[in-house]
A.B. asks: 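Just passing along the structure, written as structure tokens.
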Amino acid sequence: VWVITRGGKKVNGVFAGLSIHLAPGRLNPPKMNHIEELYIDIGAKNAAEVRAAGVDLLDAVALQRTDFTIGKNGWAGPATGDRFGAAALVGLATRMKEAKASGTTTIAFVTQQWTGGRGLNRLLTELQPDEMIFAGRIAQHVPADAKGSDLEPGNGVLIGAEEKAQAEGSLAAALKALGEKEQVPARVVTAKTPRIAGYVKGASLPERFAEVGVATLYPVTPAESVSWNDEGNLERLLEAYLSIPKSNGGAGGSVGGGSEKTTIEALTEAYGASGHEEAVRKTVLNWLPAWAQKRATTDAAGNLVLHLGDGKRDAKTPRIAIVAHMDEIGYEVKKIE
């Protein structure tokens, strides 16, 4: 693993678990892989050497990572399922100047979605959008009779919404119809809305809200994988929603199987546990076109925000927000012994 210091230095280390082979007879014996019993050895002899290496409390801990391709049709790597949404939005931003959608469109990369949606809550409070599309991992309700192949990569875009938000005229229904028009394979699934939790009541999602995502294999593991075609189709669906014409290059601009690093590969290799999204935010910014880099801003919650449009607010110029999150599940240094 790496311990990532405040200055961005990556200190090599290895995980060690508590030795429990003498503990089976105990009542409620400890588990060696429990979060409270995980230790990291960085080769230091004492706490002073740990601090001399730059390691301090609350530093992030990451698996040493690399993203890799699977045959000719996909990617795998830690947090791949947390990055495909951001990759699709980066690709969308590269073509935003071609958009013909009226009103103001905001593309945002939000923080701390895994730990209560703090970044999304701030964005909703400040922006108050008329409609929002959240691109990312979908917590879908899986029917008991669902086939395994339906849940695996390669079956197109998933459009997530609560059952009551799937009726005719809903945003989910509109995206499904748009997929059919654009010949983008897409299906609506029943899903929970993104979680917003805190000490006080969070901001409300707009009435016109939907999630878009793709199926993942081995979700939330170091070998999590997604399909190139699914990610490209997701990007194309978002482009079509903003009336961006279909490009000659294929389904999506940020995907492909060539030798050059793709957006999702670069994002997967950037580490960003909740509250430590700096490297992911920097990677997103670096992959945006030059004009978008100049217009993008970072708010007090750490969200990276890009506004496009005339800014006027009336019935003819809605506020549209398209959002992905930057964070992933991770660890922090809790104690130095």
Side-chain angles (χ1 to χ4, degrees), residues 1-20 30-68 75-87 109-119 136-137 195 197 216 218-226 261 264-286 298 301-304 324-337:
V1 298
W2 288 314
V3 180
I4 303 176
T5 70
R6 301 288 200 281
K9 178 183 176 183
K10 296 175 180 177
V11 179
N12 290 316
V14 294
F15 263 123
L18 185 69
S19 176
I20 61 167
K31 297 179 180 179
M32 72 174 298
N33 61 347
H34 190 274
I35 184 62
E36 299 293 338
E37 304 294 353
L38 288 176
Y39 297 82
I40 299 168
D41 185 350
I42 65 168
K45 296 177 181 177
N46 51 53
E49 288 190 7
V50 172
R51 296 187 186 279
V55 175
D56 207 341
L57 299 180
L58 303 185
D59 282 347
V61 178
L63 285 174
Q64 294 185 7
R65 57 182 58 203
T66 184
D67 189 84
F68 54 92
W75 297 280
T80 300
D82 292 314
R83 299 288 188 262
F84 69 77
F109 304 85
V110 298
T111 62
Q112 299 186 46
Q113 192 58 38
W114 275 106
T115 52
R118 176 173 173 258
R137 193 187 299 273
R195 177 173 172 265
T216 60
Y218 310 123
V220 201
T221 72
E224 183 169 33
S225 60
V226 300
K261 185 176 291 187
I264 195 169
E265 288 174 309
L267 287 168
T268 303
E269 291 176 8
Y271 180 72
S274 293
H276 298 273
E277 297 96 340
E278 297 87 353
V280 180
R281 185 166 52 245
K282 183 178 179 180
T283 302
V284 168
L285 194 60
N286 287 342
T298 302
N303 298 325
L304 186 64
H325 72 103
M326 297 185 288
D327 62 320
E328 63 188 90
I329 293 175
Y331 301 89
E332 288 179 333
V333 176
K334 181 179 178 181
K335 188 177 181 181
I336 296 173
E337 294 187 349

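Here the structure is a predicted model, which means the values were calculated and not measured.
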A.B. asks: Hey, could you give me each pair passing salt bridge (charged side-chain N to carboxylate O under 4.0 Å, His left out) that has a residue in residues 30-46? Not counting sequence neighbours.
C.D. replies: E36-K334
A.B. asks: Can you name the side-chain contact (heavy atoms from CB on, under 4.5 Å) partners of I42, sequence neighbours left out?
C.D. replies: V3, V11, I40, A44, V50, A53, V55
A.B. asks: In Å, rounded to the nearest 0.5 Å, how long is the span from CD1 of I20 to NE2 of H34?
C.D. replies: 12.0 Å
A.B. asks: Sequence neighbours left out, what passes ring pair (Phe, Tyr, Trp, His ring centres under 6.0 Å) with Y218? Give chain and number order.
C.D. replies: none
A.B. asks: Search all heavy atoms of G119 against all heavy atoms of A301 and return the closest pair with its distance.
C.D. replies: CA-CB, 4.4 Å
A.B. asks: If I compare all heavy atoms of A62 with all of I4, which pair ends up nearest, and what's the gap?
C.D. replies: CB-CD1, 4.1 Å
A.B. asks: My understanding is that only residues two or more places apart in sequence, or in another chain, count here; which of them pass side-chain hydrogen bond (donor to acceptor under 3.5 Å, both in side chains) with R6?
C.D. replies: D59
A.B. asks: Under the 3.5 angstrom rule, does the side chain of E277 hit a backbone N or O of G275 as a donor-acceptor pair?
C.D. replies: yes
A.B. asks: Under the salt bridge (charged side-chain N to carboxylate O under 4.0 Å, His left out) test, which residues partner D327, sequence neighbours left out?
C.D. replies: none
A.B. asks: Check G330 against A273 and note the closest heavy-atom contact, atom names and distance.
C.D. replies: CA-CB, 3.8 Å
A.B. asks: List the residues meeting salt bridge (charged side-chain N to carboxylate O under 4.0 Å, His left out) with E328, not counting sequence neighbours, and say none if there are none.
C.D. replies: R65, R83
A.B. asks: Could you pull out all residues at least two apart from L63 that satisfy side-chain contact (heavy atoms from CB on, under 4.5 Å)?
C.D. replies: V1, P222
A.B. asks: Measure the spacing between CG of L57 and NZ of K335 and express it to the nearest 0.5 Å.
C.D. replies: 10.5 Å
A.B. asks: Quick check for you: to the nearest 0.5 Å, what is the distance between M326 atom CE and N303 atom CG?
C.D. replies: 6.0 Å
A.B. asks: Under 3.5 Å, is there a donor-acceptor pair linking the side chains of Q64 and N12?
C.D. replies: yes
A.B. asks: I need the W75 CH2 to I264 CD1 distance, nearest 0.5 Å.
C.D. replies: 5.0 Å
A.B. asks: Which heavy atom of A76 sits nearest to which heavy atom of A223, and what is that distance?
C.D. replies: CB-O, 3.8 Å
A.B. asks: side-chain contact (heavy atoms from CB on, under 4.5 Å) for F109 and V280? Distances and angles first, verdict last.
C.D. replies: CA-CA 10 Å; F109 304 85; V280 180; over 6 Å; no
A.B. asks: Only counting residues at least two apart or in another chain, list the ones meeting side-chain contact (heavy atoms from CB on, under 4.5 Å) with T216.
C.D. replies: F84, R137, P219, E224, V226
A.B. asks: Say you draw a straight line from CD of Q112 to NE2 of H325; how long is it, rounded to the nearest 0.5 Å?
C.D. replies: 12.5 Å
A.B. asks: Between A60 and Y271, what is the shortest heavy-atom contact and its length?
C.D. replies: CB-CE2, 3.6 Å
A.B. asks: Can you tell if the side chain of V61 reaches within under 4.5 Å of the side chain of F15, non-hydrogen atoms only?
C.D. replies: yes
A.B. asks: Among pairs that include at least one residue of residues 46-56, which meet side-chain hydrogen bond (donor to acceptor under 3.5 Å, both in side chains), considering only residues two or more places apart or in two chains?
C.D. replies: R51-D56
A.B. asks: Would you compute the distance between atom CD of E278 and atom OG1 of T111 and round it to the nearest 0.5 angstrom?
C.D. replies: 10.0 Å
A.B. asks: Determine the minimum heavy-atom distance between A47 and I336, stating which atoms define it.
C.D. replies: CB-CG2, 3.8 Å
